[in-house]
There are 2 protein chains.
Amino acid sequence: MTRNLKEHILQTASELFYSQGIKSTGVDAIVKAAGTTKMSLYKYFPSKDDLVLAHLSKSRAAMLAQLQIEIEAQADTPKQKLLAIFDMFAKLVKSPDFRGCPFINAAAEFAVENNPVQQAAAEFYAEFRKLLADLAVLAGIANAEQLAGQLVLLIAGAIVDEQMHRHTGAMQNAQAAAKILIDNSQPVASS
Amino acid sequence: MTRNLKEHILQTASELFYSQGIKSTGVDAIVKAAGTTKMSLYKYFPSKDDLVLAHLSKSRAAMLAQLQIEIEAQADTPKQKLLAIFDMFAKLVKSPDFRGCPFINAAAEFAVENNPVQQAAAEFYAEFRKLLADLAVLAGIANAEQLAGQLVLLIAGAIVDEQMHRHTGAMQNAQAAAKILIDNSQPVASS
DNA sequence: AACAGACTATACCGACCGGTATAGTCCATT
DNA sequence: AATGGACTATACCGGTCGGTATAGTCTGTT
């Protein structure tokens, strides 16, 4: 039960942070939802900021792992894997619990530039882009970095769009655009 | 000086809301920055929420007007006008005061679904999309609505991306993608 | 049986939050 | 000169914020 409590508090905090927003979630609310006390929370997380950073770090790892699984599960070509990522996000966006991207939302809540929260958000998107760029390289695309950047824009834009107007199929629209961009990308000069 | 004070308070609040975030900006801070008192603020805006909504409404009108001007200033073809919008946002994103999209940020700060703040954000993006769709129709594009939606995704995504990693040219990358999407869109069946 | 450590219970702290009450100043119109 | 409305000054309200202090409970180990 000892190492479990820290994880349990973090899990509870994560859900509240994501569903209600970080600044709107007080420490007391987390403590009550987790069925514990402030003393225990502050034992494992010396400040609310630490808890917030832990939440973002956990979300980052979880999301990247999920992406990796989704990519490897697909036994198809790299190009099909790229498109499958849009399917995954389309599913994610359909969930009733969907409330936008936790990193974008956190970056919006913590406005000060170079804030640790913003840096955490930036790091996730940098890793996400790299993951897409690696796939694009495998797909034999010459301007892989540029294409990966564009796919990130489409996905981030669709997440934000779905957050505001729900169930408008923004992610499918993004995928349709992605298809065109991929098909129009230059192949590497073949031997 | 009478009608000026209301506008002055709103202007001050707008700047603080945008630069620091809405929830992080207290009424006292607005009052102090505007050089007035709480009594005057609450005379014109019966609650902070009203002030927030007024801020979003003002920002929406300002942004749409700026877009209209930019579009009409271009004496070029509708297709060139569509691309010119990306230039405008590229300039906007370069400003040292840039801190993301006020509507996306506000929607992220106010998590509760169907919150008035979220609705205001959604309304802006709906109008923005319509504006692009009208241009796409003029450009003789058959699937104008779909294309407009995709351009919105690219722009919103680039704004969010630039908010996290500054000065990476995300908006130029979005424009490059937009060119491809426009060139690959189906023309209306001509007579 | 005794000890240690994880965890709980609760009361408290100063600071700040959005919002209000009361009183007073300034100035233009009549 | 007097009235009235716009605006200021300031003190206050209850509530919540993040964070801490103190004390007690419960349980596994020796």
Side-chain angles (χ1 to χ4, degrees), chain A residues 1-58 105-106 108-112 115-118 120, chain B residues 1-58 105-106 108-112 115-118 120:
Chain A
M1 184 80 83
T2 157
R3 257 302 113 100
N4 252 345
L5 181 58
K6 179 175 183 178
E7 202 54 42
H8 173 61
I9 291 173
L10 178 53
Q11 176 65 29
T12 307
S14 265
E15 290 165 8
L16 290 178
F17 284 158
Y18 180 63
S19 63
Q20 314 182 354
I22 295 173
K23 299 217 169 176
S24 307
T25 302
V27 175
D28 289 300
I30 297 169
V31 160
K32 180 174 286 183
T36 181
T37 64
K38 274 193 182 184
M39 288 314 294
S40 295
L41 187 151
Y42 277 98
K43 177 184 177 185
Y44 293 114
F45 304 97
S47 75
K48 187 189 177 184
D49 284 339
D50 288 275
L51 186 51
V52 170
L53 260 6
H55 150 64
L56 290 177
S57 174
K58 177 188 169 176
N105 292 347
E109 287 200 67
F110 291 77
V112 215
N115 186 283
V117 168
Q118 284 227 14
Chain B
M1 181 81 83
T2 156
R3 257 302 112 104
N4 251 345
L5 182 57
K6 179 175 184 179
E7 202 54 42
H8 173 61
I9 291 173
L10 178 53
Q11 175 66 30
T12 307
S14 265
E15 290 165 8
L16 290 178
F17 284 158
Y18 180 64
S19 64
Q20 312 183 356
I22 295 173
K23 299 217 170 177
S24 308
T25 302
V27 175
D28 288 300
I30 298 168
V31 159
K32 180 174 285 185
T36 180
T37 65
K38 274 193 183 185
M39 289 313 295
S40 295
L41 186 150
Y42 278 98
K43 177 183 177 186
Y44 293 114
F45 305 96
S47 74
K48 188 189 176 183
D49 285 338
D50 289 275
L51 185 52
V52 170
L53 260 8
H55 151 64
L56 290 177
S57 173
K58 178 188 169 177
N105 292 347
E109 286 200 69
F110 291 77
V112 216
N115 187 283
V117 168
Q118 283 226 14

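What you see below is based on every heavy atom in this structure, not just the backbone, and it leaves out hydrogens, waters and symmetry mates. Every chain is numbered from 1 and lettered A, B, ... according to where its sequence line falls, protein lines coming before strand lines.
A donor-acceptor contact shorter than 3.5 Å is absent between the side chain of E109(A) and the backbone of G21(A).
Side chains of Q11(A) and E15(A): a donor-acceptor N/O pair is present below 3.5 angstrom, by distance only.
Contact record, K58(A) with S14(A): CD-OG, 4.1 Å, taken as the closest heavy-atom pair. A pairwise comparison of heavy atoms in A111(B) and Q118(B) identifies O-NE2, 3.5 Å as the closest pair. L51(A) and L41(A) make their closest contact through CD2-CD1, 4.1 Å (heavy atoms, listed as atom of the first residue, atom of the second, distance). The two residues I22(B) and V52(B) have their closest heavy-atom pair at CG2-CG2, 3.6 Å. Among all heavy-atom pairs drawn from Y44(B) and L5(B), the shortest one is CE1-CD2, 4.0 Å. Closest approach of A106(B) to L56(B), counting heavy atoms only: CB-CD2, 4.0 Å.
Relative to the side chain of K48(A), the nucleotides dC7(C), dG18(C), dG18(D) differ in distance, and dG18(D) lies closest.
Between I9(A) atom CD1 and dC7(C) atom C1' there is a gap of 10 Å when expressed in whole angstrom units. Atom CD in Q20(A) sits roughly 11 Å away from atom P in dC17(D) (whole-Å rounding). dT16(D) atom C1' lies 16 Å from atom NZ of K23(A), rounded to whole Å. Computed from coordinates, the K6(B) NZ to dA6(D) P distance equals 13 Å when rounded to whole Å. One interatomic measurement links the two molecules: CG of D28(B) to C1' of dC12(D), which rounds to 13 Å at whole-angstrom precision. What separates CG of N4(A) from C1' of dT27(D) is a distance of 16 Å, to the nearest Å. Counting to the nearest Å, the P atom of dC17(D) and the CG atom of D49(A) are 15 Å from each other.
Note: K48(A) NZ to Y42(A) OH = 8.5 Å, rounded to the nearest 0.5 Å.
The residue S24(B) sits apart from the nucleic acid: no heavy atom pair falls under 4.0 Å.
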> Tell me, what's DNA chain C's dot-bracket, Watson-Crick or G-U with both distances under 3.5 Å, | for other-strand, [ ] crossing?
Replying inline: ||||||||||||||||||||||||||||||

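Annotation: proximity of residues 29-43 of chain A to DNA chain D (heavy atom, distance under 4.0 Å) is found for K38(A), M39(A), Y42(A), numbered in ascending order.
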